[in-house]
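On a predicted model such as this, the values are computed, not experimentally measured, just so you know. Protein chains get the first letters and strands the later ones, always in sequence-line order, with residue 1 at the start of each.
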There are 2 protein chains.
Amino acid sequence: MGVTIHDVARAAGVSVASASRALSGRRKVTPEVAERVARAAAELGYQVNAVAKALRDQTTGTIGMVVPGIGNPFFTTIVEAVERELQNSGTDLLLCSSRYDPQVEARRVGTLLARRVDGLIISPCDIEASVPAVLDAARRVPLVQLDRHIEGGAADWVGVDDEAGVTLAVEHVIACGARSVVFAGSRPVSSSARLRLSGFERAAARAGVEVLPPLLGEFTLEWGGEAGRRLLDAGQLPDAVVCGNDEIAVGLVRSLRLGGARVPDDVSVVGFDDVGHATMCDPPLSTVRQPVEEMAAEAVRLLGQVKAADPRPAQRIAITPKLVVRQTSRLPASRSESGRDSG
Amino acid sequence: MGVTIHDVARAAGVSVASASRALSGRRKVTPEVAERVARAAAELGYQVNAVAKALRDQTTGTIGMVVPGIGNPFFTTIVEAVERELQNSGTDLLLCSSRYDPQVEARRVGTLLARRVDGLIISPCDIEASVPAVLDAARRVPLVQLDRHIEGGAADWVGVDDEAGVTLAVEHVIACGARSVVFAGSRPVSSSARLRLSGFERAAARAGVEVLPPLLGEFTLEWGGEAGRRLLDAGQLPDAVVCGNDEIAVGLVRSLRLGGARVPDDVSVVGFDDVGHATMCDPPLSTVRQPVEEMAAEAVRLLGQVKAADPRPAQRIAITPKLVVRQTSRLPASRSESGRDSG
DNA sequence: ACTGCTCGGGTAATCGATTACCCGAGTTTC
DNA sequence: GAAACTCGGGTAATCGATTACCCGAGCAGT
């Protein structure tokens, strides 16, 4: 460790200024100097010290990202997309997980700020408890929220229109003939959870179908399984269940089938996200697709525009998701063919 | 952005030395100075600049981690375990994905080194192509390989005993009555892939059962599905298939069942890893469990001991995994009850 | 009273890379 | 032929935090 530009300069018999210029190419040097410096650097195995460079330049070439959990395939997909997007511009990513805990989240944001990231992309784990950390960070550094967001709309955001998404799902199952529906999602601690629930309720009310009390837990396979079991225990299955995400939907389909219910013949299920295993599950899951690549691209584009403590009003970019119909829901034709009797 | 310790010192009416001492507590100051500095820091919202601190201290309080892909649940689990392990010591993690590409990997290692991480934990994506990057990095910084490793044993490593693991799996399916077996894994570009394959071959040969030619692709659900289809197409199913990891196993079980084969009645399947969805799959997967927490703890412990360009011989810590029998394989009793006829 | 402490505080060097500024030599321009 | 300019190179300031080193005051011991 520790070959510096001084060592290179000495070995090449030039000043540090010349060495720096030869290496960076930001000012002309004679070919001879360039050559000697290049050789010396190669021989010594010189590599710039990014820490020193960052201090001098007041920029680290790094952006921080904080997501609730990297165990969730939705977040890993979006992280990968952001990373891919960023690599074009040569900046790299410091990735942190808040583990769905606002306190951990605040700490992580703090260390990222201390490390002087050039920007921050965050998916705040809690719509309320995350507010101070997000607002405080936004004051110090360009920040954009991705997917989840805090309440109040004070910070820039890129994501999907959650309400429009579940509306699509609800309208779809109703078009499939469902007369009673239920929502299986997460307790409304995040914006996504809250908006998907409210969107469901609004859309279902508008359609005038029977609405069972929502099943609210976590965005996990386990909770999906549990929700399925509760539905089974209640004796009377609804015609359709709209899920807060794909994990819940997959867990739910599985426990429903284990309990003897047929999907989609007895009950339609639709998920949300369409990342990871939705296509691989059995049967392939109908779901609402989040355009992750597009969201990531939009987020880094926006991040390039926002400034710390930006006085202009925060932007909120809501991308409208698409419904992807696979095999856990049925279109009317085939559904009526199969001789349902719940109507 | 940009309130420095000079600002704090000025506001408190003391020198930067006193301010620094008051803030860090590394040398006594009078209560009055401590109080004034604390107040000034709070009022100005001062936060140390970790970049400057790192330059001065020649240490960043950061370790880098490079894994082949964060989409793979095994790696996300291990990343989470390492992160948890590290947080006790106050160091944090710079996480990078090599996307299974040795060139990307080398670049990522390079930037981590440039950022002067205090150590590196890496799961090299390619047993051969990753050699230069790993060896070069190990010369500059404490480094331990986790899970995968490069050939030659020149760098420290913590992982599971892959050969022992598949041996467990093979012996289990044979104990279940299998007379013909096949291995569905990844092409041997990584140490894990290579050792699991060779371990399988050795164990199967030792047992003297019929061994079908291995199905080698990637560590993905998709490849597992494809492998299952090929087995089906071949007309004659083996009694058991041992898989390179759980993703392959899950994909394989699914395509086998889609093709009408019953698991475990017609064919036993066992996976490897036991992370993520193994318990949630249908039926729950018999697999070889990697003790991820233990591996992570061991890796950071070892990292604390190794020095850059360490002259002492590299350590290789191989933890013996355990077999977890669930429902994709059957013990002899119940198997013979079910009236198999393949023997 | 003088030496020798301890104690708290300040000044400035330090980490490594970049670059503002300066300098001297060679070239152009009128 | 002198002023103006270009070109390549060197010296040292800079980024911000820490700390080696120095200093002066207060105090104890002889």
- Item | By salt bridge (Lys or Arg N to Asp or Glu O under 4.0 Å) - contacts of A:Glu294 (at least two apart) | none
- Message: Just to be sure I understand the rule, does A:Ser20 reach a base, reach only the sugar-phosphate, or reach nothing, if contact means heavy atoms closer than 4.0 Å?
- Response: base
- Task: By nearest nucleotide on DNA chain C, pick out whichever of B:Ala17 and B:Arg56 is the more 5' one.
- Result: B:Ala17
- For B:Ser18, report the nucleic acid contact type (base, sugar-phosphate, nothing); a contact means any heavy atom under 4.0 Å. sugar-phosphate
- Message: Evaluate B:Gln145 against B:Leu143 for side chain to side chain contact (heavy atoms under 4.5 Å, CB included), listing each step before the verdict.
- Response: CA-CA 7 Å; B:Gln145 300 174 96; B:Leu143 176 149; 4.1 Å; yes
- Under the salt bridge (Lys or Arg N to Asp or Glu O under 4.0 Å) test, which residues partner A:Arg21, sequence neighbours left out? none
- Task: Examine distances only and state if a side-chain atom of B:Arg115 and a backbone atom of B:Thr60 form a donor-acceptor pair shorter than 3.5 Å.
- Result: no
- With A:Glu35, which residues qualify under salt bridge (Lys or Arg N to Asp or Glu O under 4.0 Å), at least two apart? A:Arg39
- Selection residues 117-135 of chain A - residue pairs positive for salt bridge (Lys or Arg N to Asp or Glu O under 4.0 Å), sequence neighbours left out: A:Glu128-A:Arg194
- Note on the structure: One would report the end-axis bend of the helix from C:dA1-D:dT30 to C:dC30-D:dG1, five pairs per end and rounded to 10 degrees, as 50°
- Message: Among residues at least two apart in sequence or on other chains, which ones pass salt bridge (Lys or Arg N to Asp or Glu O under 4.0 Å) with B:Arg26?
- Response: none
- Nearest 0.5 Å, what's the CD1-OG distance between B:Ile70 and B:Ser97? 6.0 Å
- Any salt bridge (Lys or Arg N to Asp or Glu O under 4.0 Å) pairs touching residues 43-56 of chain B, not counting sequence neighbours? B:Lys53-B:Asp57
- Residues in contact with DNA chain D, drawn from residues 37-55 of chain A - heavy-atom cutoff 4.0 Å: A:Leu55
- Should A:Glu32 and A:Arg36 count as an ion pair when the cut-off is N to O under 4.0 Å? yes
- Item | Within residues 25-36 of chain A, residues whose heavy atoms come under 4.0 Å of DNA chain C | A:Arg26, A:Arg27
- Message: Here's a test of your reading of the structure: between B:Asp57 and B:Arg21, which maps to the more 5' nucleotide of DNA chain C?
- Response: B:Arg21
- Message: Suppose the criterion is ring-ring contact (aromatic ring centres under 6.0 Å, His included): which pairs have a residue in residues 98-156 of chain A, not counting sequence neighbours?
- Response: A:His149-A:Trp157
- Query: A:Ser130 and side-chain contact (heavy atoms from CB on, under 4.5 Å): which partner among A:Val109, A:Val66, A:Leu135, A:Ile150?
  - Reply: A:Ile150
- Task: Tell me, please, the opening and closing nucleotides of DNA chain D, 5' to 3', among those with an atom under 4.0 angstrom from a non-hydrogen atom of chain A.
- Result: D:dG8 to D:dG16
- Which salt bridge (Lys or Arg N to Asp or Glu O under 4.0 Å) pairs, counting each pair once, include a residue from residues 93-113 of chain B, with sequence neighbours left out? A:Glu83-B:Arg108, A:Asp92-B:Arg108
